[in-house]
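Read through the structure below, which is laid out as structure tokens, and then see the notes.
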Amino acid sequence: MSNVEETLSIIKPDAVDRNLDNEIKEMFKNKGFSILKEKKIQIEKSEAEKFYKVHETKPFYNDLCAYLSSGPIVVMVLEKENAVLANRELMGATNPNDAEEGTIRKKYGISIDKNSVHGSDSVENAKIEIDFFFND
Ligand code: UDP
Ligand code: MG
């Protein structure tokens with residue numbers, strides 16, 4: 001049975017700043033993702049704090065929110081069979097040093113904080129995150 005899902009992807013400021021957004025979008029398309037919606041925006045730190053609220057008790061929370069709001073990002077809705085897991089696989093491990101060959105974070109990530117992309121971690125969170133950025 002088919003299981004087409006939508007997931008939220010963000011190309012983070014370190015990658016947009018290096019003009020990697022088109023190359024990263026090609027990696028998604030080559031893996032069979034359709035980009036249903038996309039926009040390049042810059043968010044306020046308060047919005048980043050809302051988006052990353054699940055991490056609010058973590059020691060890296062403040063830096064993470066400052067970073068995500070530090071420059072333009074590209075926010076996308078990706079669609080594919082089992083898109084949530086497929087995107088997590090294509091992104092690679094949170095720390096680029098641990099990411100597999102062929103993943104976005106291995107190829108482009110600079111460090112655990114500047115790891116080039118965000119991807120929803122569950123179907124439930126994908127719905128919440130898509131609604132967060134594309135609620136109009
Ligand atoms: N992060 C960080 N330091 C850490 C762990 C995470 O700066 O020790 C950042 C990193 O940018 C990561 C984000 O916080 O992408 C969210 O963390 P999560 O564990 O949800 O990783 P992800 O789902 O992005 O792989
Ligand atoms: Mg996460």
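All ligand and atom numbering here is 1-based and tracks the order in the structure. Fair warning: this is a prediction, and the values are worked out from it, not measured in the lab. In this chain, residues are counted from 1 in sequence order.
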Output yes when the distance from some N or O of ligand 1 to some N or O of H118 is under 3.5 Å, and no in every other case. no

Ionic contact status for K40 with D21, cut-off 4.0 Å: yes

Proximal ligand 1 atoms for N115, defined as those under 4.0 Å from one of its heavy atoms: 10 (C), 11 (O), 12 (C), 15 (O)

Nearest non-hydrogen protein atom to atom 24 (O) of ligand 1, with distance, is R105 NH2, 3.0 Å

Heavy-atom pairs closer than 4.0 Å: do any link ligand 1 to the side chain of K12, the backbone, both, or neither? side chain

Measure the distances from the heavy atoms of I112 to every atom of ligand 1 and state whether one is below 4.0 angstrom. yes

Would you check whether Y52 has a nitrogen or oxygen atom less than 3.5 angstrom from a nitrogen or oxygen atom of ligand 1? no

Under the side-chain contact (heavy atoms from CB on, under 4.5 Å) criterion, do Y67 and K114 qualify, and how do the steps go? CA-CA 8 Å; Y67 165 64; K114 294 189 165 79; 4.0 Å; yes

Considering only heavy atoms of R88, which atoms of ligand 1 have at least one such atom less than 4.0 Å away? 22 (P), 23 (O), 25 (O)

To the nearest 0.1 Å, how far is atom 20 (O) of ligand 1 from its closest protein heavy atom, and which atom is that? H55 NE2, 3.0 Å

Can you spot which of V123, N125, I130 makes a side chain to side chain contact (heavy atoms under 4.5 Å, CB included) with K127? V123

Does either side chain, that of E129 or that of S120, offer a donor lying less than 3.5 Å from an acceptor on the other one? yes

For atom 14 (O) of ligand 1, the option (of T94, L64, V117, V54) bearing the nearest heavy atom: L64

Work out whether the distance between some heavy atom of K58 and some atom of ligand 1 is less than 4.0 Å. no

Does any donor atom in the side chain of Y108 or E23 lie under 3.5 Å from an acceptor atom in the other side chain? yes

Looking only at protein heavy atoms, which one is nearest to atom 4 (C) of ligand 1, and what is the separation? F60 CD2, 3.5 Å

Could you verify whether a donor N or O on one side chain and an acceptor N or O on the other, from N62 and K45, lie under 3.5 Å apart? yes

Using 30° and 60° as the class limits, which term best fits the ring planes of F51 and F132: parallel, tilted or perpendicular? tilted

Ring-plane angle category for F28 and F33, please: parallel below 30°, perpendicular beyond 60°, tilted otherwise. perpendicular

